[in-house]
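Everything below concerns the one structure shown next.
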Amino acid sequence: MSTHTIAEPRTAPADEVVIDDEHGGLVRSLSAILPPLVGNALATLVVLAGLVIGIISLVTTWTGNADAFLPFFQVTVAVTVVSLNALYARRTFSYVITLIGAILWLWVSVTPFVPFWQVVLQAVTVTIMILGVVFSLAAVSLSKKPRF
């Protein structure tokens, strides 16, 4: 007499992460790892450029020519968010969305629009920056996982 056992079909546990469903193509493409020298150089370049822009904005604000350059508050926020994101995600180039959002936010801040559209466009560009940070965090965590 022989006994036959029928194996139950394998189902994914509820807490198992399925990468294809959780992360989209954008996050996956942003999670590509850069060579360390290139990643560090790009992050350093972003931080130094932000510091230079911040110093120029501070000086123009202090001299009373605030309209001659970018607004100091927007520059401070944008440079802080982009620099911290670039330093955290220096292994990947996933902070590019945050950088684009910050540039657009600074552009919207200095372009004269009707007040309603100014607020709407600033809200959209700040949302792009926040989404860039979220995508960057997801891309960095995905880049640390092994790919099979």
Side-chain angles (χ1 to χ4, degrees), residues 9-148:
R10 176 169 153 54
T11 58
D15 60 344
E16 184 177 314
V17 176
V18 180
I19 293 176
D20 293 333
D21 294 335
E22 181 181 354
H23 303 290
L26 179 63
V27 173
R28 179 160 309 192
S29 66
L30 292 174
S31 68
I33 297 176
L34 295 173
L37 202 56
V38 174
N40 291 338
L42 285 174
T44 303
L45 182 67
V46 167
V47 170
L48 289 177
L51 285 174
V52 167
I53 291 171
I55 290 170
I56 292 171
S57 179
L58 179 65
V59 168
T60 57
T61 301
W62 276 354
T63 59
N65 299 325
D67 294 337
F69 197 65
L70 299 171
F72 182 65
F73 173 75
Q74 280 85 352
V75 168
T76 303
V77 172
V79 166
T80 302
V81 170
V82 171
S83 296
L84 290 176
N85 196 9
L87 289 174
Y88 178 75
R90 68 183 174 271
R91 295 180 55 205
T92 66
F93 194 56
S94 58
Y95 53 90
V96 69
I97 297 172
T98 308
L99 183 64
I100 291 169
I103 291 169
L104 289 175
W105 188 43
L106 292 172
W107 175 73
V108 166
S109 297
V110 296
T111 305
F113 290 110
V114 177
F116 172 77
W117 291 113
Q118 183 86 18
V119 171
V120 168
L121 289 174
Q122 284 195 356
V124 167
T125 54
V126 167
T127 304
I128 291 171
M129 277 195 328
I130 293 170
L131 286 175
V133 170
V134 170
F135 282 148
S136 179
L137 294 174
V140 168
S141 68
L142 186 63
S143 73
K144 293 180 180 178
K145 293 180 181 178
R147 295 184 184 200
F148 294 111

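Since the model is a prediction, treat every value here as computed from it, not as a measurement.
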Would you give the length of the straight line joining atom [atom1] of [X] to atom [atom2] of [Y], rounded to the nearest 0.5 angstrom?
| X | Y | atom1 | atom2 | value |
| --- | --- | --- | --- | --- |
| Arg90 | Leu34 | CZ | CG | 12.0 Å |
| Asp67 | Thr60 | CG | OG1 | 9.5 Å |
| Ile33 | Leu142 | CD1 | CG | 9.5 Å |
| Ile100 | Met129 | CD1 | CE | 13.0 Å |
| Leu87 | Asn40 | CG | CG | 9.5 Å |
| Thr92 | Leu42 | OG1 | CG | 10.5 Å |

Compare every heavy atom of [Y] with every heavy atom of [X], then report the nearest pair and how far apart it is.
| X | Y | value |
| --- | --- | --- |
| Val108 | Thr125 | CG2-CG2, 4.2 Å |
| Ile97 | Gly132 | CG2-CA, 3.6 Å |
| Gly54 | Val75 | CA-CG1, 3.6 Å |
| Val46 | Ala86 | CG1-CB, 4.1 Å |
| Pro71 | Val110 | CD-CG1, 3.5 Å |
| Thr127 | Ala123 | OG1-O, 2.6 Å |

Any donor-acceptor pair under 3.5 Å from [X] side chain to [Y] backbone:
| X | Y | value |
| --- | --- | --- |
| Thr98 | Val133 | yes |
| Ser57 | Ile53 | no |
| Gln118 | Pro112 | no |
| Ser141 | Ala138 | yes |

* Show your working on side-chain contact (heavy atoms from CB on, under 4.5 Å) between Val52 and Leu48 and close with a plain yes or no. => CA-CA 6 Å; Val52 167; Leu48 289 177; 5.6 Å; no
* Tell me, with the steps shown, if Val140 and Ser94 meet side-chain contact (heavy atoms from CB on, under 4.5 Å). => CA-CA 8 Å; Val140 168; Ser94 58; 4.3 Å; yes
* Scan Val77, Leu58, Val59, Ile56 and name whichever one has a side chain to side chain contact (heavy atoms under 4.5 Å, CB included) with Phe72. =>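 Considering Val77, Leu58, Val59, Ile56, a side chain to side chain contact (heavy atoms under 4.5 Å, CB included) with Phe72 is found only for Leu58.
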* Chi angles and distances behind the side-chain contact (heavy atoms from CB on, under 4.5 Å) call for Phe69, Asn65 -> CA-CA 8 Å; Phe69 197 65; Asn65 299 325; over 6 Å; no
* Asked: According to the ring-ring contact (aromatic ring centres under 6.0 Å, His included) rule, which pairs have a member within residues 78-98, sequence neighbours left out?
  ->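 Those involving residues 78-98 are Phe93-Tyr95.
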* **Over 12 foreign heavy atoms within 6.0 Å of CZ, Phe73** =>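 Not more than 12 within 6.0 Å, no.
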